[in-house]
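Hydrogens, waters and symmetry mates play no part in the numbers below; they use all other heavy atoms, side chains included. Everything numeric here is computed off the predicted structure, so don't read it as measured data.
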Amino acid sequence: MAKAKKGNEKKGAKVFKTKCSQCHTVEAGGAHKQGPNLNGFFGRQSGQADGYSYSSANKKSGITWGDDTLFDYLENPKKYIKGTKMVFAGIKKPQERKDLIAYLKSSTA
């Protein structure tokens with residue numbers, strides 16, 4: 001992961017609201033939308049949220065979600081997991097990704 005300042009949780013909440021919340025929820029017991037509920041996904045293998053229909057590419061990726069894997073994935077999801085059904089271009093700015101990760105770590109725990 002690029003060495004710069006750490007993520008800002010408050011800024012990350014704004015990133016989530018504008019770029020992620022149309023398809024994802026973060027609260028425990030939250031509904032799946034077009035994308036899965038993200039509660040408890042840190043440290044979990046990709047494609048494992050109960051009740052969500054993942055692409056086989058996602059289920060077979062073998063990725064365990066953490067700071068580094070998320071940082072790379074969020075830059076370009078379709079390149080990181082070829083065959084994913086996530087229709088999102090990605091977040092090119094490294095600091096924006098760090099902010100989002102900081103928010104996700106606290107809001108999905």
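- Considering CZ of R44 and OG1 of T108, their distance stands at 9.0 Å, rounded to 0.5 Å.
- The shortest non-hydrogen separation linking P77 to G90 is CD-CA, 3.8 Å.
- Looking only at distances, no side-chain donor or acceptor of K78 sits under 3.5 Å from a matching main-chain atom of V87.
- With sequence neighbours excluded, the residues that form a side-chain hydrogen bond (donor to acceptor under 3.5 Å, both in side chains) with N58 are S46.
- With hydrogens and angles ignored, the 3.5 Å screen pairs a side-chain donor or acceptor of R97 with a backbone N or O of K92.
- Using a 4.5 Å heavy-atom threshold, the side chains of L74 and Y80 count as separate.
- Residue Y54 is not grouped with residue L70 when hydrophobic side chains (ILVMFWY) are merged at heavy-atom distances under 4.5 angstrom, including chains of intermediate members.
- Rounding to the nearest 0.5 Å places CG of L100 at 11.5 Å from CD of Q95.
- One distance of note links CH2 of W65 with CD1 of I101; it measures 10.0 Å at 0.5 Å rounding.
- Distance alone, capped at 3.5 Å, is enough to place a donor-acceptor pair between the K85 side chain and the S53 backbone.
- One distance of note links CD of Q45 with OG of S61; it measures 6.5 Å at 0.5 Å rounding.
- Considering CZ of F88 and OH of Y73, their distance stands at 9.5 Å, rounded to 0.5 Å.
- A donor-acceptor pair is defined here as one N or O able to donate and one able to accept, closer than 3.5 Å; such a pair exists between the side chain of D99 and the backbone of N8.
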Could you pull out all donor-acceptor pairs under 3.5 Å where a side-chain atom in residues 28-36 meets a protein atom, sequence neighbours excluded?
residue : atom : partner : partner atom : Å
H32     : ND1  : N37     : N            : 2.9
H32     : NE2  : D50     : O            : 2.8
K33     : NZ   : S21     : O            : 2.6

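- Exactly one residue among K19, K14, K11 makes a side chain to side chain donor-acceptor pair (under 3.5 Å) with E96. That residue is K19.
- Qualifying side-chain hydrogen bond (donor to acceptor under 3.5 Å, both in side chains) partners for Q22, counting only residues two or more places apart in sequence or in other chains: none.
- Sparse packing is recorded around NZ of K93, with 12 or fewer heavy atoms of other residues, nucleotides or ligands lying under 6.0 Å away.
- In this structure, L104 and V26 have side chains that are in contact, with non-hydrogen atoms separated by less than 4.5 Å.
- We find that K105 and D67 are joined by a salt bridge, their nearest charged nitrogen and carboxylate oxygen being less than 4.0 Å apart.
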